[in-house]
2 protein chains.
Amino acid sequence: MRRNPSSPAVNWVVSGPDTERVLELDETDRMILSELQRDGRMTNVELARRIGMSAPPCLRRVRRLEELGVIRGFHAELDAAQLGWPVSFFVLVGLDSQKSQVLEEFEQTVIGWPELQACHMLNGAEDFLLHVLARDAAHQQRLIHELTEMTHVVRLRSFQDIRTLSPHKGVPL
Amino acid sequence: MRRNPSSPAVNWVVSGPDTERVLELDETDRMILSELQRDGRMTNVELARRIGMSAPPCLRRVRRLEELGVIRGFHAELDAAQLGWPVSFFVLVGLDSQKSQVLEEFEQTVIGWPELQACHMLNGAEDFLLHVLARDAAHQQRLIHELTEMTHVVRLRSFQDIRTLSPHKGVPL
DNA sequence: TATGAAAGTCGCTAACC
DNA sequence: GGTTAGCGACTTTCATA
């Protein structure tokens with residue numbers, strides 16, 4: 001495979017909290033990200049071979065993508081059910097206030113839960129969407145009960161996750 | 001660090017579609033999974049060093065965990081916003097039928113979307129929870145409109161994801 | 001059945017073009 | 001972005017408990 005010598009670079013204006021910069025990613029960077037998103041343990045020489053480049057510049061690009069924060073990390077994807085967490089559910093939570101202090105207090109509490117898989121702050125009518133694991137139904141009920149008892153929590157709807165399709169689809173590239 | 005010579009093995013009965021087996025994982029396996037969940041690109045020697053074991057048996061354990069399906073894969077975690085997908089939202093979808101054919105048809109359609117990050121089948125009142133990315137608000141509206149126009153879709157609520165807290169917390173170990 | 005030591009192969013990565 | 005080269009990691013083989 002030979003590298004395309006004139007891949008057009010597509011620039012995105014990235015707005016951060018205290019900086020706004022232009023990310024220059026060419027087609028080669030995109031191929032690197034795509035491969036590493038699919039197989040994050042691939043060796044650098046294998047990655048370089050796949051994108052049609054020698055190893056050193058390929059490694060330099062990976063390092064750059066990590067430094068830019070485009071690559072946030074590498075993780076093993078585990079089977080929660082096999083590890084004793086067969087119950088997966090989502091909770092929509094509504095609070096009685098949207099003041100920063102109230103939101104942050106809620107976040108800090110649930111972030112401390114080992115069972116929490118993700119916590120998304122929403123706008124609209126509900127304030128948070130949580131993804132939580134449990135060992136069994138009783139454990140799940142205990143966690144939901146704990147949420148209902150939290151101060152400022154006024155609405156709570158939970159949804160049982162009975163099947164997750166194609167995990168880790170990843171960001172389109 | 002020295003390896004615990006008498007780590008109690010905890011067994012979980014794992015029910016699969018056509019098999020039910022007992023997973024034997026000891027504390028060493030758990031440490032391996034924890035480390036690889038945190039840093040999936042760690043070298044095997046570094047991993048072995050952290051869990052207090054020489055490299056060969058450590059590598060054999062990792063391979064075994066992959067073969068058992070406990071480790072499903074390794075993935076780079078990417079920053080969607082920096083890659084031109086700053087809009088993240090969730091959609092609760094209700095269908096007018098819960099027949100297998102209807103559910104599968106819905107799944108097959110949304111699975112084809114590159115913007116789809118996850119598709120969870122629910123029980124309860126709603127049938128699916130989707131996590132979707134978009135390039136901008138217009139793109140998001142287009143995707144939501146496409147869902148409303150799908151046959152059998154009778155309820156649809158979308159939630160804007162304005163902030164994700166601590167991504168990749170991982171399965172508790 | 002599992003670990004540990006040794007060794008050959010292969011990958012990583014700095015220095016330089 | 002490529003080449004080279006020294007070093008370190010990977011992984012097989014075999015010995016051991």
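Given the structure is predicted, the values throughout are model-derived calculations rather than measurements. Naming convention: chains lettered A, B, ... in sequence-line order (proteins, then strands); numbering from 1 in each chain. In what follows, every heavy atom counts, from backbone to side chain, and hydrogens, waters and symmetry copies are set aside.
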The side chain of [X] lies closest to which of these nucleotides: [options]?
{"X": "B:R61", "options": "D:dC10, C:dG11, C:dT3", "value": "C:dT3"}
{"X": "A:A55", "options": "C:dT13, D:dT11, D:dG2", "value": "C:dT13"}
{"X": "B:S54", "options": "D:dC10, C:dG4, C:dT13", "value": "C:dG4"}

Would you mind reading off the distance between [X] atom [atom1] and [N] atom [atom2], rounded to a whole angstrom?
{"X": "B:E46", "N": "D:dT11", "atom1": "CD", "atom2": "P", "result": "16 Å"}
{"X": "B:R50", "N": "D:dA9", "atom1": "CZ", "atom2": "P", "result": "14 Å"}
{"X": "A:I51", "N": "D:dG2", "atom1": "CD1", "atom2": "P", "result": "9 Å"}
{"X": "A:I32", "N": "D:dG1", "atom1": "CD1", "atom2": "C1'", "result": "12 Å"}
{"X": "B:R41", "N": "C:dC12", "atom1": "CZ", "atom2": "C1'", "result": "11 Å"}

Under a 4.0 Å heavy-atom cut-off, which of residues 70-79 of chain A touch DNA chain D?
none

Does B:L68 offer a backbone N or O that forms a donor-acceptor pair with the side chain of A:Q82 under 3.5 Å?
yes

Is there a donor-acceptor contact under 3.5 Å from the side chain of A:N44 to the main chain of A:A55?
yes

All N/O contacts under 3.5 Å from nucleotides 12-17 of chain D to the protein, with atom names and distances to one decimal?
none

Would a line drawn from the ring center of B:F128 to the ring center of B:F106 be shorter than 6.0 Å?
yes

What about A:H145 and A:H139, are their ring centers closer than 6.0 Å?
no

Student check: side-chain heavy atoms of B:V153 and B:T148 closer than 4.5 Å
no

Which part of the nucleic acid, if any, lies within contact of A:R63, taking any heavy atom under 4.0 Å across all strands shown: a base, the sugar-phosphate backbone alone, or nothing?
sugar-phosphate

Quick one: do A:E77 and B:H75 satisfy side-chain hydrogen bond (donor to acceptor under 3.5 Å, both in side chains)? Show the steps, please.
CA-CA 7 Å; A:E77 178 195 359; B:H75 308 282; 2.8 Å; yes

Salt bridge between B:E24 and B:R64, side-chain N to carboxylate O under 4.0 Å?
no

Lys/Arg-Asp/Glu bridge criterion (N-O < 4.0 Å) met for A:E67, A:R60
no

Classify the ring geometry of B:F90 against B:H131: parallel below 30°, tilted from 30° to 60°, perpendicular beyond 60°.
parallel

